[in-house]
Amino acid sequence: VPEAPPRPRAEGWIGPLPGDPGLADARAAFERFYRDRYADAVRLALLITGSRETAEEIAQDAFVAVHARWSTVDRPAAYLRTTIVNACHSVGRRQGRWDRRRHLVATHDRHDDAPPDLADVLLTLPMRQRAALVLRFWSGLSEAEIADALDVRPGTVKSLVHRGLAALRKEL
């Protein structure tokens, strides 16, 4: 009995087609990945952006991107992390300088003379420094992994972390 010819893939579709034997396994694997990583994905985006709503939206969009490439991505956790960092960078660019400066004024105009909170000071850092610090100290990534996520050289990661820590020390 001759084998049936392979079914053509839909335009832009990556992954198994409905009825393919690996579909149920791929779906179950992605669902496990989503359940296991969702909270960490939101927290990573929250630490970089400072906004829970924005963080949840970024995390959802990042999982959609991972799902679209699920069958072709070798390291889905790294792909997810890079997607989140890039989305946070895009959000930061769109918000512009005024939002960051307005946040600084609000932080330093407290009437109770309380020292600034770490999260407040972290939000005053440039996005790449903030992302490098969060990936290093919260996610516990190596310099090479951070360099991969930020698309920079490992030496740049060292510089970003050093400058970010110096700024935090100065403010705190």
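One-based numbering along the sequence shown.
A 4.5 Å side-chain heavy-atom check between Leu44 and Ser139 finds at least one atom pair inside the cut-off. Side-chain atoms of Val66 and Arg37, non-hydrogen and from C-beta on, never get closer than 4.5 Å to each other. At least one side-chain heavy atom of Leu135 sits under 4.5 Å from a side-chain heavy atom of Arg81. At least one side-chain heavy atom of Arg52 sits under 4.5 Å from a side-chain heavy atom of Glu56. The shortest side-chain heavy-atom distance between Leu47 and Arg130 does not fall under the 4.5 Å cut-off. Between Leu150 and Thr82 there is no side-chain heavy-atom pair separated by less than 4.5 Å.
The heavy-atom pair separating Val121 from Glu171 by the smallest distance is CG1-CB, 3.5 Å. In this structure, Trp70 and Pro76 approach most closely via the heavy-atom pair CZ3-CB, 3.6 Å. Listed here is the closest heavy atom pair of Ala45 and Cys88: CA-SG, 3.9 Å. Taking each heavy atom of Ala87 and Ile58 in turn, the nearest pair found is CB-CG2, 3.7 Å. Of all the heavy atoms in Ala147 and Pro154, the pair that sits closest is CB-N, 3.8 Å.
Under the 3.5 Å distance criterion, the side-chain polar atoms of Ser90 are matched with a main-chain donor or acceptor of Asn86. The main-chain N or O of Val152 is never found under 3.5 Å from a side-chain atom of Thr156 such that the two would form a donor-acceptor pair. Side chain of Thr72 to backbone of Arg69: a donor-acceptor contact under 3.5 angstrom is found.
For the pairing with Leu80, the side chain to side chain contact (heavy atoms under 4.5 Å, CB included) check across Phe33, Tyr34, Tyr38 returns one residue only, Phe33. With Arg136 as the partner, the side chain to side chain contact (heavy atoms under 4.5 Å, CB included) test is satisfied by one option alone out of Ile146, Leu160, Leu165: Ile146.
Within the model, atoms OG of Ser51 and CG of Leu46 stand 7.5 Å from one another, a figure rounded to the nearest 0.5 Å. To the nearest 0.5 Å, atom OG1 of residue Thr49 and atom CG of residue Leu123 are 7.5 Å apart. To the nearest 0.5 Å, atoms CG (Leu168) and CG (Leu133) are separated by 5.5 Å. Separating the CD1 atom in Ile84 from the NE2 atom in His89 is a distance of 16.0 Å, to the nearest 0.5 Å. Residue Asp36 holds its CG atom at 11.5 Å from CD of Glu31, rounded to the nearest 0.5 Å.
Within 6.0 Å of atom CD in Glu57, 12 or fewer heavy atoms from other residues, nucleotides or ligands are found, so the atom counts as exposed in its surroundings.
In this pair, Phe30 and Phe63 present their aromatic rings perpendicular. The plane angle is above 60°, beyond the 30 to 60° band.
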Note to self: Is there a side-chain contact (heavy atoms from CB on, under 4.5 Å) between Arg163 and Leu125? Walk through the geometry before answering.
What the structure shows: CA-CA 9 Å; Arg163 289 179 184 162; Leu125 298 177; over 6 Å; no

Next item on the list: Using the side-chain contact (heavy atoms from CB on, under 4.5 Å) rule, take Leu122 and Val134 through it: C-alpha gap first, then chi angles, then the decisive distance, then the call.
Entry: CA-CA 9 Å; Leu122 192 61; Val134 169; 4.0 Å; yes

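A salt bridge links Arg75 with Asp148; the closest basic N to acidic carboxylate O contact falls under 4.0 Å.
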